[in-house]
Amino acid sequence: MRIAVLSDIHGNLPALEAVVAELRPFDEIWQLGDVVGYGPQPNEVVAFLAAEKARGVRGNHDAAAVGELDTDSFNDDARAALEWTVGELSSTTVAWLRNLPERVEIDEFTLVHGSPRDPTWEYVYAQSIARANMSRFKTQHCLVGHTHVPLAYRQNGSRVEPTQPDDRTVLELNERRSILNPGSVGQPRDGDRRACGMLLDTERMSLEWRRIDYPIERVQELMAKAGLPARLVARLGYGL
Ligand code: ZN
């Protein structure tokens with residue numbers, strides 16, 4: 001099967017549409033949480049994923065948007081965007097978000113938002129954190145999001161080796177355990193403003209990261225019109 005692995009879409013429909021168009025053909029979408037929050041089209045993004053029968057998990061923004069996580073630890077911009085999002089969500093969207101589990105296992109893959117030991121909050125951004133998490137999932141590989149930075153960590157004996165993928169970086173999966181992050185569709189944070197996506201081939205056991213241009217200005221216009229925080233509007237242009 002060919003799987004489009006997507007994370008941190010954050011209500012950014014033009015980015016989602018561009019990534020999906022680029023990754024087709026595929027059999028399924030697996031999404032790693034933070035479907036909503038920050039971006040201007042949360043209902044449209046959920047409708048798109050529902051129509052595609054995407055499988056996946058909830059992120060901290062999704063849980064907070066349906067009142068199942070308090071926003072004390074969100075920064076001011078994130079909280080303001082979340083309050084706006086809560087006011088926008090249709091009952092259909094709320095029901096879809098509430099149905100997302102924290103963790104899903106599909107064949108050799110565990111899907112979580114943050115980390116396998118703390119799916120809601122932990123960021124896997126350092127080798128020490130990746131090493132501590134390697135024994136915390138039962139499958140051979142774990143797919144994570146949350147950092148908004150594409151990255152792979154692979155176990156090699158007692159060490160954990162990082163790979164920072166670029167556009168069209170291919171990784172062959174083997175018996176080594178791994179933690180894999182596709183990067184963010186809707187708000188990349190590695191200094192590259194292009195949307196991220198990952199194509200996983202479960203027969204060849206290989207994956208490929210992609211970076212995709214999308215009409216950022218259109219999203220920025222919608223955000224400004226909605227009155228979303230200016231800093232969130234600006235950061236899409238920097239990819240930070
Ligand atoms: Zn996120």
Side-chain angles (χ1 to χ4, degrees), residues 4-16 19 29-42 44-46 48-49 54 56-66 68-86 88-89 93 96-97 100-104 111-116 118-126 129 133 142-151 179-198 209 211-212 214 216 219 223 228-229 231-240:
V5 183
L6 310 176
S7 192
D8 296 275
I9 301 164
H10 280 294
N12 187 337
L13 184 67
L16 175 61
V19 170
I29 293 176
W30 295 356
Q31 69 79 19
L32 307 176
D34 279 6
V35 175
V36 303
Y38 297 135
Q41 293 181 286
E44 292 85 344
V45 163
V46 166
F48 186 104
L49 292 176
V57 294
R58 60 171 54 192
N60 49 315
H61 285 255
D62 306 319
V66 296
E68 294 179 8
L69 186 72
D70 76 50
T71 55
D72 290 354
S73 55
F74 281 61
N75 65 43
D76 290 347
D77 286 340
R79 193 177 308 114
L82 204 69
E83 277 162 18
W84 179 86
T85 301
V86 168
E88 284 293 302
L89 295 187
T93 301
W96 191 89
L97 291 171
L100 293 175
E102 266 198 345
R103 173 192 297 257
V104 169
L111 282 61
V112 291
H113 180 62
S115 77
D118 180 357
T120 305
W121 290 117
E122 188 173 39
Y123 293 89
V124 184
Y125 63 86
I129 299 170
N133 272 287
C142 184
L143 303 171
V144 304
H146 196 38
T147 63
H148 296 211
V149 174
L151 204 59
I179 297 177
L180 307 159
N181 191 325
S184 168
V185 171
Q187 194 202 74
R189 292 181 190 164
D190 61 344
D192 183 339
R193 56 188 252 160
R194 293 177 296 173
C196 298
M198 196 167 84
W209 281 265
R211 300 305 291 251
I212 299 114
Y214 72 95
I216 291 175
V219 184
M223 290 176 78
L228 286 157
R231 210 182 71 88
L232 296 179
V233 178
R235 75 187 299 179
L236 291 183
Y238 315 131
L240 281 173

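Ligands are counted one by one from 1 in listed order, and the atoms in each one are counted from 1 as well. Values in this document were obtained by computation on a predicted structure and should not be read as measured data.
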His10 and His61 aromatic ring geometry - parallel, tilted or perpendicular at 30°/60° bounds: perpendicular
Asn133 side chain to Glu122 side chain, donor-acceptor N/O pair below 3.5 angstrom: yes
Aromatic ring pairing His146/Tyr123, orientation class (parallel under 30°, perpendicular over 60°, tilted between): parallel
His113 near the Zn ion (ligand 1): N/O/S under 2.8 Å: no
Atom name of the N, O or S atom in Asp34 that lies nearest to the Zn ion (ligand 1): OD2
Pairwise distance CG(Leu69) to CZ(Arg58) - rounded to 0.5 angstrom: 9.0 Å
The Zn ion (ligand 1) to Asp8: nearest N/O/S atom name: OD1
The Zn ion (ligand 1) reached by His61 (N, O or S, under 2.8 Å): no
